[in-house]
Number of protein chains: 2
Amino acid sequence: MTARASRGRRPGAPDTRAEVLAAARASFGELGFRGTTIRSVAAAAGVDPALVHHYFGTKDDLFVAALEIPVDPREVMAPVVADGPDGAGERLLRALLGVWDDPAIQPGLLALARSLLGDDSGPMVRDAFIPVVVGPVLAQIVADRPEDRIPLVASQIIGLVVARYVVALPAMAQMPAEDLVARMGPVLQHYLTGDLA
Amino acid sequence: MTARASRGRRPGAPDTRAEVLAAARASFGELGFRGTTIRSVAAAAGVDPALVHHYFGTKDDLFVAALEIPVDPREVMAPVVADGPDGAGERLLRALLGVWDDPAIQPGLLALARSLLGDDSGPMVRDAFIPVVVGPVLAQIVADRPEDRIPLVASQIIGLVVARYVVALPAMAQMPAEDLVARMGPVLQHYLTGDLA
DNA sequence: CGCACAATTCAACACATGATGAAAAACATC
DNA sequence: GATGTTTTTCATCATGTGTTGAATTGTGCG
């Protein structure tokens with residue numbers, strides 16, 4: 001490892017800012033907000049910690065930047081909701097797997113998920129994100145009784161995300177996507193449209 | 001608040017150790033391992049931080065003590081597995097809700113869950129607890145193909161626990177237990193014994 | 001009553017963290 | 001070439017964290 005002992009700008013046009021952001025996303029996704037230190041992010045990006053502050057400001061600001069996901073949830077969900085409730089279970093699952101399996105998107109999603117699960121950033125993300133962003137989308141694909149069905153759908157989706165991506169339990173993480181869709185699709189469909197007590 | 005400015009033992013027989021342990025459990029369950037400081041636990045228990053060390057040793061030791069749950073998982077699961085796979089979905093769900101809704105047990109469970117979800121304590125708890133403790137129990141109530149069914153059951157249970165207790169989404173947290181059992185029981189049963197692709 | 005032991009606080013330490021500001025190097029423009 | 005701007009590191013600060021050890025107080029026993 002070459003020691004960078006000299007102050008001042010590095011030669012060339014390195015995109016150091018992007019490297020810092022990527023390192024931050026990975027760390028927030030792995031260790032959560034509190035488990036992520038500015039120094040560890042800087043070390044992973046190969047820069048001095050002061051540079052992290054230079055580019056992103058406070059740790060909170062870095063976190064907010066890390067949560068910006070290069071995909072519009074509405075675009076992702078558009079094909080899911082387009083054809084109404086019938087078959088929506090499978091379409092929802094495929095859309096979810098699509099974004100979670102995209103290496104450009106997953107780090108940010110992981111950072112968000114870890115934050116929600118860890119209560120790192122306080123209840124604001126939790127109380128704002130899920131009811132405001134997720135709820136209205138799901139409401140378009142339930143047959144009826146959204147107040148009963150949506151929490152059930154959400155519980156299975158949360159379980160899937162946690163087991164497959166966040167905690168990454170081997171049996172779940174390694175289940176082929178097609179098998180997963182075939183096995184969990186009917187369950188989501190049941191929650192969306194099936195007979196519900 | 002009376003200031004305790006004097007060194008030395010307090011009069012009477014206060015169970016300070018238990019107060020510290022309860023405060024620790026609550027904090028670990030709410031904020032995870034990293035979010036919990038010795039000083040905050042001591043403050044919540046109304047003692048000096050050194051007393052936390054006196055009773056429990058290191059922070060890690062305190063954590064381990066907080067994870068000790070006053071219930072044997074095997075006793076909880078015995079009635080679930082006694083009658084085999086038929087009807088096991090509902091029995092499993094009732095057993096789960098039983099322990100999670102028990103105020104003597106929930107704090108420790110929350111501390112454990114938060115730790116698993118937050119990756120606070122490293123992968124050891126995750127890799128040891130779920131496959132070793134949970135897997136063999138579930139294996140007794142699946143009809144066949146445990147390697148396929150158990151992850152699905154686990155995903156729904158994880159989703160339930162997270163949505164209802166850990167993140168405590170209102171719609172899920174407030175769903176009456178009987179409604180929940182009636183709606184999710186059949187899904188768990190399907191994962192355990194139903195037709196699976 | 002004296003003593004040993006347990007419980008409790010005070011004081012302090014080493015280290016880690018987020019953050020700030022100045023110095024230095026590279027680059028672009030005139 | 002000189003200057004202004006951007007990028008980068010070094011040095012440092014204030015604060016917080018887990019932890020240790022000594023001093024003090026209360027209790028139980030002989």
Side-chain angles (χ1 to χ4, degrees), chain A residues 1-25 27-28 30-66 111 115 118 120-122, chain B residues 1-25 27-28 30-66 111 115 118 120-122:
Chain A
M1 175 62 70
T2 312
R4 289 199 181 95
S6 168
R7 289 184 182 206
R9 189 168 171 164
R10 296 182 188 175
D15 193 353
T16 317
R17 188 184 187 280
E19 287 172 35
V20 169
L21 187 56
R25 273 208 180 104
S27 188
F28 285 130
E30 175 75 25
L31 302 173
F33 182 79
R34 281 204 198 81
T36 297
T37 66
I38 301 284
R39 283 177 172 81
S40 68
V41 169
V47 301
D48 185 87
L51 197 64
V52 179
H53 292 292
H54 172 77
Y55 279 130
F56 295 100
T58 65
K59 186 180 177 183
D60 279 342
D61 295 335
L62 176 65
F63 186 56
V64 169
S115 165
D120 282 358
S121 54
Chain B
M1 177 59 73
T2 312
R4 291 198 181 94
S6 168
R7 289 188 181 203
R9 189 168 171 165
R10 297 181 189 177
D15 193 352
T16 318
R17 188 183 187 280
E19 287 170 35
V20 170
L21 187 56
R25 274 209 178 101
S27 187
F28 285 131
E30 174 77 24
L31 301 173
F33 182 80
R34 280 201 199 85
T36 296
T37 66
I38 301 283
R39 285 176 172 83
S40 68
V41 169
V47 302
D48 185 87
L51 197 63
V52 179
H53 293 291
H54 172 79
Y55 280 130
F56 296 100
T58 66
K59 186 180 175 182
D60 279 342
D61 295 336
L62 176 65
F63 186 56
V64 169
S115 166
D120 281 359
S121 53

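Order of the sequence lines fixes the chain letters, A, B, ..., with proteins taken first and strands second; residue numbering starts at 1 for each chain.
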All N/O contacts under 3.5 Å from nucleotides 13-16 of chain D to the protein, with atom names and distances to one decimal?
none

Of all the heavy-atom pairs spanning [X] and [Y], show the shortest one and how long it is.
| X | Y | answer |
| --- | --- | --- |
| B:V20 | B:V52 | CG1-CG2, 4.0 Å |
| A:A23 | A:V41 | CB-O, 3.8 Å |
| A:K59 | A:T36 | NZ-O, 2.7 Å |
| B:L31 | A:R34 | O-NH1, 3.5 Å |
| B:P49 | B:I38 | O-CG2, 3.8 Å |

- prompt: Can you find a donor-acceptor pair, distance only, under 3.5 Å between A:R7 side chain and C:dA25 base?
  reply: no
Mind listing the N/O atom pairs, protein and nucleotides 3-6 of chain C, below 3.5 Å?
none

Value in whole Å for how far the [atom2] atom of [N] lies from [atom1] of [X]:
| X | N | atom1 | atom2 | result |
| --- | --- | --- | --- | --- |
| A:F33 | C:dT17 | CZ | P | 13 Å |
| A:R10 | D:dT9 | CZ | P | 4 Å |
| B:F56 | C:dA7 | CZ | P | 12 Å |
| B:D61 | D:dG18 | CG | C1' | 12 Å |
| A:H53 | C:dT17 | NE2 | P | 12 Å |
| B:K59 | D:dT20 | NZ | P | 15 Å |

Please write out the pairs of protein N or O atoms and N or O atoms of nucleotides 1-4 of chain D separated by less than 3.5 Å, giving the distance to one decimal.
none

- prompt: Just checking B:S40: base, sugar-phosphate only, or nothing, at a heavy-atom cut-off of under 4.0 Å?
  reply: nothing
query: Which is true for A:I38 with a 4.0 Å heavy-atom rule: it touches a base, it touches only sugar-phosphate, or it touches nothing?
result: sugar-phosphate
query: At under 4.0 Å, does any side-chain N or O of A:Y55 touch on OP1 or OP2 of D:dT8?
result: yes
- prompt: Looking only at side-chain N and O atoms, does A:R34 come under 4.0 Å of OP1 or OP2 in C:dT17?
  reply: no
task: Would you please classify the geometry between the B:F28 ring and the B:F33 ring as parallel, tilted or perpendicular, with 30° and 60° separating the classes?
output: parallel
task: If a pair satisfies side-chain hydrogen bond (donor to acceptor under 3.5 Å, both in side chains) and one of its residues is in residues 38-58 of chain B, list it, with sequence neighbours excluded.
output: B:T37-B:S40, B:T58-B:D61
- request: Kindly state each residue pair satisfying side-chain hydrogen bond (donor to acceptor under 3.5 Å, both in side chains) with at least one member in residues 11-25 of chain B, sequence neighbours excluded.
  value: none
Side chain to side chain, A:V64 and A:F56, heavy atoms closer than 4.5 Å: no
- request: Say whether, by atom type as modelled, one donor and one acceptor occur between the side chain of A:S115 and the main chain of A:A111 under 3.5 angstrom.
  value: no
- prompt: Quick one, which residues of residues 12-21 of chain A touch DNA chain D with a heavy atom under 4.0 Å?
  reply: A:P14, A:T16
Selection from D:dC10, D:dG26, C:dG18 that lies nearest to any side-chain heavy atom of B:P11: D:dG26
statement: Comparing B:G8 with B:P49, nearest DNA chain D nucleotide closer to 5' gives the residue B:P49
